[in-house]
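A note on names: the letters A, B, ... follow the listed sequences, proteins ahead of strands, and every chain is numbered from 1.
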Amino acid sequence: MNENTLLKCSLLFSILGILAILFISETSSIELSKISDLTKESIEEKVRIIGEIKTIGDSPGLIILNLEDDTGTITVMLFKNEEEIPLEKNQRVEVIGTITEYKDQLEIIADQIKVA
Amino acid sequence: MFIEIIIAIFLGCLFGIFTGLIPGVHINLISLIVLSLSAYLLNITSPIIIAVFIISMSITHSFLDTIPSIFLGAPEADTALSVLPGHKMLLEGRGYEAVMLTLIGSFFALILTIILAFPIGKIIEFIYPFLQQIMSFILIFASSFLIFREKKSRLWALTLFLLSGILGIATLNLPNLKNPLFPLLSGLFGTSTLVISLSDKTKIPLQKITFPKISKKELTKIMGSSLVAGSLCSFLPGLGPAQAAIIGSEFYKKITNEGFLILIGGLNTINMVLSLIALFLLDKARNGAIVTISKIVEIVTLQDLLLFFAASLVAGSIAVFLTIKITKIFSKILSKVNYKKLILSIIFLIIIMVFFLSSNFIGLLILVVSTALGILPAKLGIGRNHLMGCLLLPVILYFLL
């Protein structure tokens with residue numbers, strides 16, 4: 001092994017890595033879902049939904065939203081951070097998060113939430 | 001999203017250069033800063049992009065951090081064991097070779113670990129519930145093995161282990177002290193080595209830029225040892241690359257200085273990659289960077305993990321190029337600079353950083369005490385790895401009590 005061999009190997013693997021990233025980013029862009037589309041088979045998947053905030057619950061470290069679109073409602077769990085966007089009832093928001101199950105009900109653990 | 005990921009990788013590599021080359025600045029520190037800024041950052045990008053940034057920074061750091069370790073005698077805990085063989089080679093004018101050996105270890109460990117991550121992870125996932133029940137005994141056994149293995153003075157090894165353990169417990173329980181690990185680990189593994197370098201009045205000879213020769217057979221054996229030892233230590237709390245290096249060298253008898261450097265280089269990177277698997281499979285965070293990722297990305301999916309692996313590959317490949325270039329620069333200028341002034345500047349920088357990061361004078365006191373303790377292994381001629389008692393003992397007591 002010499003320096004040129006090491007550099008060539010690293011170039012090869014960087015190209016492979018970039019191709020892998022391209023493939024993953026192309027296949028993982030999250031399509032907009034309806035709440036009624038979410039089933040137990042969606043658990044652990046990342047989803048994107050748009051809906052209206054019906055209720056806002058506040059607990060230590062957590063905000064619990066009830067989100068509604070024209071197909072149903074779902075609970076969204078949002079972990080509090082220091083700079084949070086102000087949320088109000090009847091506000092239309094876009095949520096990106098992961099589907100989980102709690103007490104036999106589907107919920108979304110939100111990664112991102114923004115005004116739609 | 002693709003462009004964002006690539007930008008995150010490049011920014012991560014840039015920060016990795018900074019954390020890797022400046023002694024005392026650890027990725028955990030930058031990860032903490034990122035976590036504290038996460039609320040703002042999440043308004044402009046997604047958690048996955050922030051995670052990619054942290055991973056790229058960590059991988060680059062793991063490639064580059066042997067440069068200050070070998071050239072400046074200023075290692076961190078993870079690279080502390082590289083100082084002795086690396087410094088020997090530096091004094092023979094072969095500093096470049098020493099860094100290239102760790103680079104070979106890091107790069108091939110990165111590729112191998114990514115390929116074998118899932119099988120290794122599944123094995124660990126299977127045995128981890130059992131391991132968790134006997135965690136304290138495993139750690140006590142590992143610590144005892146490392147102390148028993150000390151040929152020169154087991155009593156001193158035990159003493160240093162206990163002293164550093166008590167220091168670790170005291171430091172971690174101090175109220176109103178921010179970032180307690182920074183002065184603790186900087187003193188034990190950073191400034192202590194710098195003080196020794198100063199007192200030894202080391203003169204660095206002219207450095208040759210020659211690539212090391214290593215046989216495929218030796219490389220294969222060392223990679224095998226590092227994978228086994230690195231896998232175990234990635235999942236066990238308190239055991240890091242330093243301890244894994246000692247354990248790994250037990251699997252490969254008659255390991256040369258050169259082989260040991262490849263082992264050290266590989267272990268740092270294995271630790272990082274397998275920590276990602278531990279997060280995915282076991283929901284356990286084994287280092288500061290992964291803790292930050294676990295807090296920002298609530299649930300790591302398989303797709304996220306594959307993306308992290310791909311980003312690691314790209315960052316590692318960039319880091320190969322960076323390491324070669326930077327090491328050549330260090331080799332050329334080191335014999336021309338005033339080594340004493342350079343060491344003093346680095347010590348001064350660490351003191352300033354401890355003061356600002358700890359937010360009070362207690363941090364400086366810890367730095368002084370840990371530096372004093374850190375000097376002892378070198379002067380006693382025993383392994384520096386026993387100072388990891390500063391983290392091992394608190395972890396053992398946590399599981400026992």
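- Distance check: A:I96 CD1 to B:S46 OG gives 8.0 Å after rounding to the nearest 0.5 Å.
- B:F108 touches chain A through its side chain: at least one heavy atom from C-beta onward sits under 4.5 Å away, while N, CA, C and O do not.
- Shown here is B:F118, whose CZ atom has more than 12 heavy atoms of other residues, nucleotides or ligands within 6.0 Å.
- For B:F308, no part sits under 4.5 Å from any heavy atom of chain A, backbone or side chain.
- Residue B:L302: no heavy atom, backbone or side chain, is found under 4.5 Å from chain A.
- Most heavy-atom pairs under 4.5 Å with chain A: of the set B:L313, B:I48, B:I6, B:L103, this distinction falls to B:L313.
- The contact between B:I324 and chain A is made entirely by side chain atoms (from C-beta outward), counting heavy-atom distances below 4.5 Å.
- Looking at B:L307, both its backbone and its side chain come within 4.5 Å of chain A, counting heavy atoms on both sides.
- Taking the side chain as every heavy atom from C-beta outward, B:F211 and A:L6 approach each other to under 4.5 Å.
- Surrounding CZ of B:F15 are at most 12 heavy atoms belonging to other residues, nucleotides or ligands under 6.0 Å away.
- The contact between B:I111 and chain A is made entirely by side chain atoms (from C-beta outward), counting heavy-atom distances below 4.5 Å.
- We find the CZ-CG distance between A:F23 and B:L306 to be 10.0 Å, quoted to the nearest 0.5 Å.
- The closest side-chain heavy-atom distance from B:V314 to A:I21 is below 4.5 Å.
- Summarising the geometry of B:A310 relative to A:G17, their closest heavy-atom pair is CB-O, 3.8 Å, with the distance given to 0.1 Å.
- In this structure the side chain of A:S10 never reaches within 4.5 angstrom of the side chain of B:F321, judged on heavy atoms.
- For B:F2, the parts sitting under 4.5 Å from any heavy atom of chain A are the backbone and the side chain alike.
- Heavy-atom neighbours of A:K54 NZ from other residues, nucleotides or ligands within 6.0 Å: above the threshold of 12.
- In this structure, chain A has no heavy atom under 4.5 Å from any part of B:I114.
- Note that the CD atom of A:E3 and the CE atom of B:M100 stand 7.0 Å from one another [nearest 0.5 Å].
- Here the closest heavy-atom approach between residue A:S25 and residue B:I5 is recorded as CB-CD1, 4.1 Å.
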